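The shown structure was predicted, so the numbers you read here are calculated from the model rather than taken from an experiment. All chains are named by letter (A, B, ...) in the order of the sequence lines, taking the proteins before the strands, and each is independently numbered beginning at 1.
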2 protein chains.
Amino acid sequence: MPKKSPTKRERDPAATRQRLIDATVRLMLQQGFSGTSVDQICKEAGMTKGGFFHHFENKEALGTAAVEWWGRMGTALYAEAWQDTSVDPLEQLHRMFDIMAGFTRRDDNPVVCMVGMMSQEMSATNPAFQAACEKELNLWTENVAKLLTAAKKRHKPKTKFDPVQTAWFLNSLWQGSMLIGKACRSRHLIRDNLKLARSYVDGLFQAN
Amino acid sequence: MPKKSPTKRERDPAATRQRLIDATVRLMLQQGFSGTSVDQICKEAGMTKGGFFHHFENKEALGTAAVEWWGRMGTALYAEAWQDTSVDPLEQLHRMFDIMAGFTRRDDNPVVCMVGMMSQEMSATNPAFQAACEKELNLWTENVAKLLTAAKKRHKPKTKFDPVQTAWFLNSLWQGSMLIGKACRSRHLIRDNLKLARSYVDGLFQAN
DNA sequence: CGTTACATACCGACCGGTTTGTATGCCCAA
DNA sequence: TTGGGCATACAAACCGGTCGGTATGTAACG
């Protein structure tokens with residue numbers, strides 16, 4: 001936060017560190033973890049190798065930092081839907097679906113999840129990445145499960161269902177949608193799946 | 001199918017090629033594509049670099065061959081459910097879910113899909129891989145869509161639904177289940193999702 | 001049938017370039 | 001002046017891919 005010299009190049013280690021993470025996220029979403037080199041990351045961040053290894057012990061540390069940052073950014077994006085407990089929890093879920101559908105309308109970057117990518121590529125061999133990904137996936141699921149539980153209290157469920165199990169169901173569907181959307185180069189497919197997911201959730205409860 | 005020498009045959013190029021593909025699949029399921037080196041593949045297949053590049057133009061060619069082989073193996077595994085058109089198509093779908101659930105009970109290797117992994121890791125940068133993965137995912141969806149269409153004729157649908165769209169929904173759910181199952185090291189989760197998927201499909205049609 | 005000529009299958013050393021990571025020193029703010 | 005932020009230079013392993021060579025199977029020809 002200290003800003004002193006207006007002209008000279010600023011030394012802001014926290015910002016530099018974040019620049020490295022941003023660059024990593026940008027590159028990893030495109031090429032995966034193994035496919036992205038430290039040199040490339042440094043270049044993207046306007047930094048040299050020496051500077052990089054000053055901030056991160058190794059490439060793996062950067063990877064976990066990137067996953068954690070992705071998780072924080074994600075919860076921030078979903079916050080609008082998750083945090084406003086004044087509205088009907090079912091409405092909160094609807095808002096969440098709207099946010100997810102909104103991702104498909106942003107042309108700036110593809111609809112992908114770094115956690116999902118990292119899981120597929122690395123979690124079988126790298127325990128640190130596996131744990132980091134599991135944590136983020138758990139977080140998402142917990143939030144959705146909470147909403148489902150709350151919705152269950154407000155609305156009579158049409159049939160019995162377990163909120164946690166259903167939340168994992170929705171998370172899986174979401175991750176799989178992004179996966180297939182990427183392979184088939186189709187945002188439309190993702191949107192269709194979200195529609196079906198929405199009506200699936202609605203169908204859990206009785207009308208009105 | 002040329003079969004000449006009845007005795008032991010040292011040189012069997014087709015088998016050698018397959019050995020390389022098998023080794024690739026085995027390693028890639030664990031470490032991904034970029035994470036697996038040609039040297040490693042050769043060692044796993046009991047082969048040398050020179051021999052390898054006699055059979056495949058480059059690493060990418062091997063990758064696409066592996067994806068194609070995975071697709072063929074997959075359709076062979078699902079064949080029992082997909083091909084027996086004598087039974088009720090809804091029953092065919094049930095059998096398919098049983099086959100999928102069966103994957104979670106085989107302790108020999110984790111419940112993962114090479115196409116899904118390849119999609120996440122490579123399809124954004126490598127058009128050949130992207131096309132290969134898209135093709136295999138399309139195949140799976142087409143088969144499921146066919147069954148749903150047939151089921152629609154035999155049973156009255158409870159509400160309107162598009163078989164193709166629903167097939168993509170199920171494919172996404174399946175891929176996402178394997179993804180999350182890997183990250184969370186849980187076969188149980190996959191099984192739960194399959195159960196929900198099964199009742200989702202059942203719920204599309206009227207009872208009886 | 002036997003020899004020769006050639007194509008195919010495979011080997012393993014090697015190449016240029018890239019990888020992650022280290023050692024060291026400059027530069028600027030406190 | 002001192003210590004943290006960052007750059008330069010370099011190391012050592014590893015990468016995909018090439019190349020010369022060898023072993024083996026096959027077909028033509030006498």
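- Side-chain atoms of Ser37(A) and Asp39(A) include no donor-acceptor pair closer than 3.5 Å.
- His94(B) and Asp202(B) are linked by a side-chain donor-acceptor pair at a separation below 3.5 angstrom, with hydrogens and angles left out of the test.
- Annotation: side-chain hydrogen bond (donor to acceptor under 3.5 Å, both in side chains) contacts of Gln18(A) (sequence neighbours excluded): Asp22(A).
- Heavy atoms of Thr36(A) sit under 4.0 angstrom from primed sugar atoms or phosphate atoms, though from no base atom.
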Nucleotide by nucleotide, 5' to 3', does protein get under 4.0 Å of the base (B), only the sugar-phosphate (S), or neither (-) in nucleotides 9-14 of chain D, counting heavy atoms? ------

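- Taking the six-membered ring where the residue is Trp, Phe169(B) and Phe169(A) present tilted rings, their angle falling between 30° and 60°.
- Summarising the geometry, the separation between CD on Gln31(A) and P on dT19(C) is reported as 10 Å, rounded to the nearest angstrom.
- Remark: Phe52(A) pairs with Phe56(A) by the ring-ring contact (aromatic ring centres under 6.0 Å, His included) rule, at least two apart or across chains.
- In the region residues 53-67 of chain B, proximity to DNA chain C at under 4.0 angstrom, judged on heavy atoms, holds for His54(B), His55(B).
- As a whole-Å value, the separation of Lys43(A) NZ from dT19(C) C1' is 16 Å.
- Qualifying side-chain hydrogen bond (donor to acceptor under 3.5 Å, both in side chains) partners for Ser34(B), counting only residues two or more places apart in sequence or in other chains: Glu121(B).
- Cation-pi geometry between Lys59(A) and Phe53(A) is not met at under 6.0 angstrom from the ring centre and within 45 degrees of the axis.
- For Thr16(B) and dA9(C), the shortest distance from a side-chain N or O to OP1 or OP2 is not below 4.0 Å.
- Applying the ring-ring contact (aromatic ring centres under 6.0 Å, His included) rule to Phe129(B) yields the partners Phe33(B); only residues at least two apart in sequence or on another chain are considered.
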